[in-house]
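Below, chains carry the letters A, B, ... as their sequence lines are ordered, and counting in each starts from 1. Computed over heavy atoms, backbone and side chain alike; hydrogens, waters and symmetry mates excluded.
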Amino acid sequence: MLSLIASILIDGISYGLVLFMVSVGLTVTLGLMRFVNLAHGTFAMVGGYAAATFVTALGLPYVLALILAAAVAGIIAFGLEIALVRRVYARPELDQVLLTIGLVFMGIALSGMIFGNSLVPIRLPEFLRGSTDLGFRSMPTQRFVPLVLGLLSLAGIWLLFERTRFGVKLRATVDNPRAAGELGINTRRVYAAAFAIGAALAGLGGVAGAELLPVEPYYPLKYLVLFLAVVAVGGPGNMAGSFVAAILLGTVETAGKYLAPEFATIALYALMLIVLSWRPEGLFQRSSKT
Amino acid sequence: MNNLLEVRNLSKSFGGLQVTRNVDLTIAPGDRVALIGPNGAGKTTLVNLISGVLDPTGGEVMLDGSKVTALSQRQRAHRGLIRTFQITRLFHSMTVADTLRVAAIQKNGMTYRFGWGGRSADLIEKSVERVLTDLRLQDRRDNDVSLLAYGEQRLVELGVALIMEPRVLMLDEPAAGVPQSESHIIMDAIENLPAELGVLFIEHDMDLVFRFARRIIVLVSGGVFCTGTPDEIAANEDVRAMYLGEAS
Amino acid sequence: MTNTQRTLGAAAVIPIVAVALVVIFPNQQAFLAQIAITALLVLSLDLVVGFAGLATLGHAAMYGAGAYAAALYSLHVWAEPLTGLVVGILAGGLVALVSALMLMRAHGLTFLMMTVAITQIIYEIVNKSRAVTGGDDGLYGIMMQPLFGRFEFDFYGRLAFWYAAVVLWLVFLLLRHIAASPFGLTARAVRDDGGRVSSLGGGIFAHRVALYTLSGGIAGLAGALSAQTVQVVGLNTLSVTYSAEILVMLVMGGTGRLWGALLGALVFMMIHHYAAEVDPVRWMLFIGAMLVMIVLFLPKGLFGGLEAAVNRLREGART
Ligand SMILES: Nc1ncnc2c1ncn2[C@@H]1O[C@H](COP(=O)(O)OP(=O)(O)OP(=O)(O)O)[C@@H](O)[C@H]1O
Ligand SMILES: [Mg+2]
């Protein structure tokens, strides 16, 4: 019994950390920049494909491939932001939803055309293969990757927001773009950079989580709801909230898979529905009266 | 005469910031009360609290002697408590006539009618025509509200409130942003409001305040600083120093 | 043009287009019936997206509910078509009503996510209830009795097309009427600024619930038509993907005008019919690119674009 709970917790947390890495950029775009981005999962998928290509085709070491994959996702996002996304910041939500669904479809089609429709594995280095004995059970060693990277990302994001000039600029910009502009902040560049950083983290999450969320063309659509759920439950714009929500949803889904695999999906969606009808602004936001 | 509206010890804090402090005020039928005070004094917040947009952190709002503090904005509107907004809020996809019709539909409880037949529909058209005429907006009937000059939008904002045939009307800076050349239409409209109506209006323009108000409440830092007739307020050294001097 | 002329003109469009389509595509009536049914579904979606201003990825929930209900009704109760349509309306409306009670306080992303969650839950429940719904095999062998007890449903879909087209036509006229009514006007007001409507004493929650239920009833009607004419109901009728697809159609045509829904469904289905068989992956790329283009260059959809072009021509003719 105890070991079952421990198993659920360990798997759930490492799954939750993957969700957190992929979704944290989304909470910034959605909550702070007020841009509804349904295409965010595409960046995680891009990271996954890039890493697989670097490792398999170019023979780069895993850790280097990981970093480059995040960079690729970030750069593609940066380009998209400049070419498309920034044109719809001021447009109604529906337009943003549609534009990004369009991007999702294009991403699915393009990756299907380039990489084929089957799962693409990312070959692991020696030290991550096999399993580690935890005493009460053994765990695939690679599941430590999301644990480590997830916690590193959390720390990195905190530092970025609270301790750097970029963080100050971003907060000033989302607070009051006009005033920030008058203070000499290049608000367009801040937005583009925030978008790209979020995408790079998603790319990292896509690689780190490849065991749990395998890389395939339909990735952005298949897990879209999951990523959005993290943001919605955590409260858009609330990064700590996203962290808790990611762990919570990750653990609930994992528990569902252990205890009642038939109903895991229903349980996850039901939880989300309950949370959102009870607190439409997310678990950790004070509800505002309309 | 009985009070229409009575506010007792009303308070509101946003987090640690107290923006309304123990405000008391009453409005009787026929009252013309001006609410003045420097920017950020909490005037709009007070209107939001009275109309039910915001929940107070303390105190009561009474309408016709019964508590309405727990009622929604909507229920208060049904009891005749109507307000306008400092920044015009009109239905941006609609024409002037349709905007007024929407108000009339709510007023007459016709939201769930799926057609325009019947007497109540005529009633709606009549009240829309009346307000259009009163505000001299007949020519604008079929124009999109979002394409009107701001002064005209302010007029429509007032028209929407008038259609509701309120008993207490709260006007949040009705003439703000209206060019001089058009402001007389708004004044006339305020002047011609039904006599028995209780009116609370926020205004920065002292000429307007002294023209319409029979009582003035000065709000400073969320609390009632003083209240009195226009003459008393005009003579009050503190108010002159603190507010009137600054405004002129 | 007077109002009456305009109303009559609008009422004539669907019959004229229906006849034209039958003349142009004489051997494809089953496919044309599909277009009519899809147009009906997209029309119902316009009530939520265009009239309520809510982006939803869960509209298929009501469509699927109507389809499954009508299919079960004809398999187990009575295979009479018109009462089957009523069953579809009730099923779609009921699902909409129950979900609206949860949904209609939310907006934006929260709303979108909740529509997805509800649809996924219904999908999973239907998927797991094999004994009743056939699970992922779906329901088949639906045989309808003759319409009005006289007209047999034929193998080529001739009756199916006219049946669907007439229902579409009637619903379209009904919705045009409702759009101009106090209810429709209030809907637009709630979409533009719900808080302002509350300040006038309007109950926006109840109104949105009513609008969503109406939309769900029509989606259920479309589902029932589909079950009766295709004679198969599958899980895909309940999917989020299908919800996204009809949203694309609506946006392609243009939201909030009803005409856009018709145009979008027609154009999308036509392109799909001829393009998707070629290569589904390229089809997806095409749809994605179309969406991006429409958002960037044609925000009012094809109908809005057409309208602007016609207006420009008229102006040109006048000067
Ligand atoms: N929702 C809110 N959250 C936090 N603070 C608020 C909120 N609404 C208003 N305030 C603060 O309350 C104070 C009073 O604002 P209010 O708008 O009531 O002033 P006002 O007297 O109407 O000013 P003005 O003359 O500029 O219209 C201001 O300091 C404002 O920043
Ligand atoms: Mg104010």
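Per-residue heavy-atom pair counts under 4.5 Å with chain C were compared for A:L228, A:V231, A:L103, A:T265, and the maximum is reached by A:L228.
Taking a 6.0 Å sphere around CE of C:M293, one finds it holds 12 or fewer heavy atoms contributed by other residues, nucleotides or ligands. Within a 6.0 Å radius of CZ in C:R191, other residues, nucleotides and ligands contribute more than 12 heavy atoms.
Neither the backbone nor the side chain of C:L101 has a heavy atom closer than 4.5 Å to any heavy atom of chain A. Heavy atoms closer than 4.5 Å to chain A are found nowhere in C:L103, neither backbone nor side chain.
The two residues C:R282 and A:M113 have their closest heavy-atom pair at NH1-CE, 3.8 Å. For the residue pair C:A244 and A:F105, the shortest heavy atom distance occurs at CB-CZ, 4.5 Å.
Interface with chain C: from residues 35-48 of chain A, residues A:L38 qualify, criterion being any non-hydrogen pair under 4.5 Å. Scanning residues 87-102 of chain A against chain C with a 4.5 Å heavy-atom cutoff picks out A:R87, A:V88, A:R91, A:E93, A:L94, A:D95, A:V97, A:L98, A:L99, A:I101, A:G102, ordered by number.
The distance from atom CE of C:M290 to atom CE of A:M106, rounded to the nearest 0.5 Å, is 12.0 Å. How far CD1 of C:I122 is from OH of A:Y269: 13.0 Å, rounded to the nearest 0.5 Å. Between C:E124 atom CD and A:I266 atom CD1 the span is 5.5 Å, to the nearest 0.5 Å.
The closest side-chain heavy-atom distance from C:M113 to A:L276 is below 4.5 Å.
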